[in-house]
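All values reported here derive from a predicted model rather than from experimental measurement. Every chain is numbered from 1, with letters handed out A, B, ... down the list of sequences.
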Amino acid sequence: VVDPDISAAEARSLLSLPDDAPATWTRRRFLSAIAYGVTGSLVAGSLADLIAPGALPGHGGAARAASAPGGILVVILMYGGNDGANTVVPIADGAYYDQRGALAIAPDAVLPLDGSFGLNPALPTLKAHWDAGRLAIVHGVGYPNPDLSHFTSMGIWMSGRVGSPPSTGWLGRWLDLQPGGDDALLAATVSTSVPLHLVGAQRRGSAVPPWGIDFGAGSDPADLRLYDGLRALSAQPAGRGPWHDLVATTVRRQLDLATTVSPVFSDDLPDSEIVRKLVIAARLVNAGIGLRVVDVGWGDFDSHANQPWMHTERMRELDEGIARFYATLDPTWHDRVTIMTMSEFGRTPYANDSAGTDHGTASCQLLLGSSVVGGMYGEPPVLTGLGRWERPAHTVDVRSYYATVLEGCLGGGAAEVVGGGFPSLGCFGG
Amino acid sequence: VAASRDDIVHLLRRTEFVARPARVAELAGRSLAAAVDDVLDVRRNRTASLPSLLRQHRPNQVWQQWVAATQWWLDRMVTVPRPFHERLTLFWHGHFTSSWWKVGRTDAMVNQNQLYRRDGLGDYRLLAQRMAIEPAMLLYLDNATNVAGDENQNFARELLELFLLGVGNYTEADVETAAKAWTGHTVNWSTYRYVFRRDLHDSSVQSFMGVQRQWDGPALIDFLLRDNTTTRTIAARWLARKLWEFFAHDGPSEALVAHLADEFVASGLRVRALVRAILTHPDFYSARSRTGSVRSPIELLVAIMEATGLRSAQLHPEWFVEAMGQVPFDPPNVSGWRRNSYWVNTSSFTARAELARHVTWMLRRNDRFADLATLPISDAIGRIEQLFRLAPLSSTTRTAITGWMEVERAAEPWGGWWQPTNLLTMAMLTPEFHLS
C-alpha cells in the first residue's frame, strides 16, 4: 500500500510554481539539495560583504524615497513541520517532560523568557530580541480538523484557506489587492520557484534565485548592446494587441530586474541555505526597490528520527540567519521590517521510538521586529491528559495569525484575504 | 470559397503550434471548413508507440522515466503530421490533470496520457468515464483511498468543481453524495490497475441533485452528462468556454459560449464537433483572437525545436520546463495551468531568455546561420523572420532589431562571432515569437 502521505520536500515542490531556475537546475538537484541540506562553515559577517544602501547604482536616496511606504514582511518558512515545543519550551509543564522523555529540553538548559517558557538554547539572537521587547511568540497556531499530511497542511497554511482547494496563497491575494504597478518587485521569494503563498489570482511574486540572475546582468559591451536592442522592442506599442506589448515590456522589466538585483550577489554570500537567503533578503530590502514581502524558506524540519541533532541544527541556522539578516539590514530599514515564521504543523507531544517526533498539529510561531510588541500571545496548547497518539487542539487560528500580520505590517486587507471573523491578535504597537 | 492565407496561418499556429510553410502551402486554396477538417485528421498520425524505457514502471528510475516521457511527448508535438492531436492532448492533460510526483507511477501517468490521445476527440461522456477510473486519477485525487465510512472527497469535489460543472452548480450535499458514490473505485495495490471493490462501496440511498438513488460513480457521470439536461448544458458550456480560451482568447461572450455549447450538445457531446465549431467560428479569426494567446512554455519549446531542427535528445527540454513554469506531467495543482498572464512575468522571462541563450549557443557552429553576420541588415532580418515564422514582424520590432544591428555593426565592423548568435537570441525574444 502506498503511503498516503508524501514527504515535505515533495509537498513543497508540489505547492510551488516552478519558476526562475537556470537551465541546469533540475528538480532532481533541487530535491537533493533539500534532502541533503546545504552545508558549509559560516564565517562571521564582515562589513565587506554587506551591501550599504546607496551603493547600488540607480538606487540612492531618491529611489528609496519613491518606494512605497509601509511595512516590509520577511517570511521564514520552516518546511517539514517545526517542533514548536522544543523551540519555545514549556518548562513549567510536567506533561511536556512526561511525554517527551529524553527529547525534552531541561529547564536549566533553556534561555529563560518567563517562569513558564524558555527558548531553545541554540537561539541566543532571538533571546536578545526578546529582551529588547521585539519578539512576539504566538502560541497554539493551527486550524480546525488538522490534517497530518505535509501536502494538505502546507496547502492550508500557504493558502490561508480551510476546506477549499489551495489554488491561491494568502500573500498572493494580498498582492491582488495592491494598486497597479510593478508587481514583479512587490513580493519576491529567494528561491527557484514561487511558493503558493505568494501566488494570487492575478499577480504573484517573483523568484530571485539564490545565486542571482544571469541574463541581463552581463557587462560585456556586446551584451550591453543586445540589452539595449531588446529594450527597444517595447519602445512603442506595436499595434498587435495587449499581450504583444506586455511581452515586450516584460522583456525590458526582466533586464531591469537582473540589473537591479545583480549587486545583491556581487559579494560573498554565506553557504548555509537559510543564512544565505536571509542575507540576500536583507540586501534586497536595502536595495530600496519597493519590495513589501520577501519570502525565504528551508528545511528539513521533519524530525521523525534523530531529533536532538537535527532540530538543534535547524535552530542554530535560524538564529544565525536572523543575526546575519539584521547585521546586513541597513538601520534605516529596521523600523519597517517584520519577520514572521510559518510551518505546516508542529510535532507530536510524545516522542516516538526513533528519538524523533511525528507530524503534529498546533505549534508556536514567531513575530519579530521593531513595531512588534514583544511578549506571549494566544494560549499554549493543552498537553495534560493527552494519550500516546493524541495531539493538542489549536488555540489560535492561522487566519488570525495572518490577519495580525496583514493589519500590523501590510496595511490591512485581512477581510479580503482570509475572510472576516479572524481577529487580529494585536501583536503590533501603534 | 478559399480561406485567406492569413486565416490558414492563424489556424495552424493555434492548432499545430507553428505554421509550417509546407502545411500553409498544402492548405492554401481550400475552404476554411476543409482546412479545419484536414487539421483534425489525426488518423494520419501513427499510433503513439512508447519508448522502451516507458513500457513499465521502474521504481528506481522514476526521474529517468519522466525525462523519457517528456522528450517523447515534445518530439511528437514537433514531428507528427497532425500536431493538433498533441495540442489537444496537452489540453486534456491540463483539464483532467494529474501529477507524476503525487501519482508516483510511470505506467499510470503514461496510460493517462495515451487515453487523452486516443479518446480526446471523441465522446466526452466516455472520456470522463475513462478518465475517472484511470489509476493516475484514482491516485492523484485520492479516490483510491475513498472507502465507505471513511470518505475522501477530493476526487468527487474536483469532478464537480473543476472537471465537469464549475463552482455554484452543485451543493455541498451533492459533493458528499458524489464522494459516497465513488467509494470502492480504487486500484489493486499490487498491479496498480483499476478495481471496483464492492466491499468498500457505500450502496446506501443518497440524494444527488434532488434525485434519491443508490448512486454509483459512473452512473453519476452518466446522469450529469446524459440524463439530466440541465447539468448536461452546464457541462457543455463549462468545456466550451475552456476549449475556446485554450485555442482562441480569454473571456468569450456568454452568447458565443452558449452557441458553442448548443453545437456540442446537438452532436451528442462529441469533442470533435465542439472543436470544429470553435475553429470555423468567425470570431476565431477576429483581431482579438489573433492577438489573444501567449505561447505556453511547452508551446515555445515546440516552436524552437521546429525552427532550429533541434530535437529533444539534443535540446533537453526537461532542463527548461521547470524554470519556465510548465513541467509536463506535473501541473502546479489540480486546476492545471492557467494561460496568458500566467506566463508573462519577469521570472519566467528570465528562464525564456536563458533558454534562447542556450539554443543560440548550440547553434553557434551551424552553417545555416553563418551568413547572418554578412548579409545586408534587411536580408538578415528577413531570414530570421522566415526561420522563426515571425512574419510579418511589427514595425516596432523591425525598428528595434534594425537599430541594434546598425549599432552592433558600427561597433564591430569586422563582425564578431556573437553577431549571428545575438541576432538569433533577439529573434527568440521578440514578442512575435512568444505569441501563439
Count the heavy-atom pairs under 4.5 Å between each of A:Pro221, A:Ala258, A:Ala238, A:Gly239 and chain B, then report the option with the highest count. A:Ala238

As an exercise, state the distance from CH2 of B:Trp343 to OG1 of A:Thr250, rounded to the nearest 0.5 Å. 14.5 Å

Considering all heavy atoms of both residues, which atom of B:Ala400 and which atom of A:Gly229 are nearest to each other, and what is their separation? CB-O, 3.9 Å

Note, A:Leu226 side chain near B:Met426 side chain (heavy atom, < 4.5 Å): yes

Using non-hydrogen atoms and a limit below 4.5 Å, what part of residues 427-436 of chain B faces chain A? B:Leu429, B:Thr430, B:Pro431, B:Glu432, B:His434, B:Leu435

Looking at B:Pro392 and A:Arg240, what are the two nearest heavy atoms and their distance? O-NH2, 2.6 Å

Non-neighbouring partners of A:Asp256 that pass side-chain hydrogen bond (donor to acceptor under 3.5 Å, both in side chains), sequence neighbours left out: A:Arg231

With a 4.0 Å cut-off, would you call A:Arg225 and B:Glu412 a salt bridge? yes

For a 4.5 angstrom cut-off between non-hydrogen side-chain atoms, does B:Trp418 reach A:Asp223? no

Residues that B:Asn340 engages under side-chain contact (heavy atoms from CB on, under 4.5 Å), provided they are two or more places apart: A:Trp243, B:Asp250, B:Ser293, B:Val294

For B:Ala248, which residues count as a side-chain contact (heavy atoms from CB on, under 4.5 Å) partner, sequence neighbours excluded? B:Trp244, B:Phe284, B:Ser289

Would a 4.5 Å heavy-atom cut-off, applied to side chains only, mark B:Val407 and A:Asp228 as touching? no

Atom group of A:Ala201 that falls short of 4.5 Å from chain B, counting heavy atoms: backbone

Can you establish whether the number of heavy atoms outside A:Asn145 located under 6.0 Å from its atom CG is more than 12? no

Among A:Leu246, A:Asp245, A:Val247, which residue forms the greatest number of heavy-atom pairs with chain B at distances under 4.5 Å? A:Val247

For B:Thr397, is it the side chain, the backbone, both or neither that has a heavy atom under 4.5 Å from a heavy atom of chain A? both

Which one, B:Leu393, B:Leu355, B:Thr402, B:Leu423, leads in non-hydrogen pairs under 4.5 Å with chain A? B:Leu393

Can B:Thr350 and A:Gln254 be counted as having a side-chain donor-acceptor contact under 3.5 angstrom? yes

Highest number of heavy-atom pairs under 4.5 Å with chain A among B:Asn422, B:Ile401, B:Thr399, B:Thr396 belongs to B:Thr396

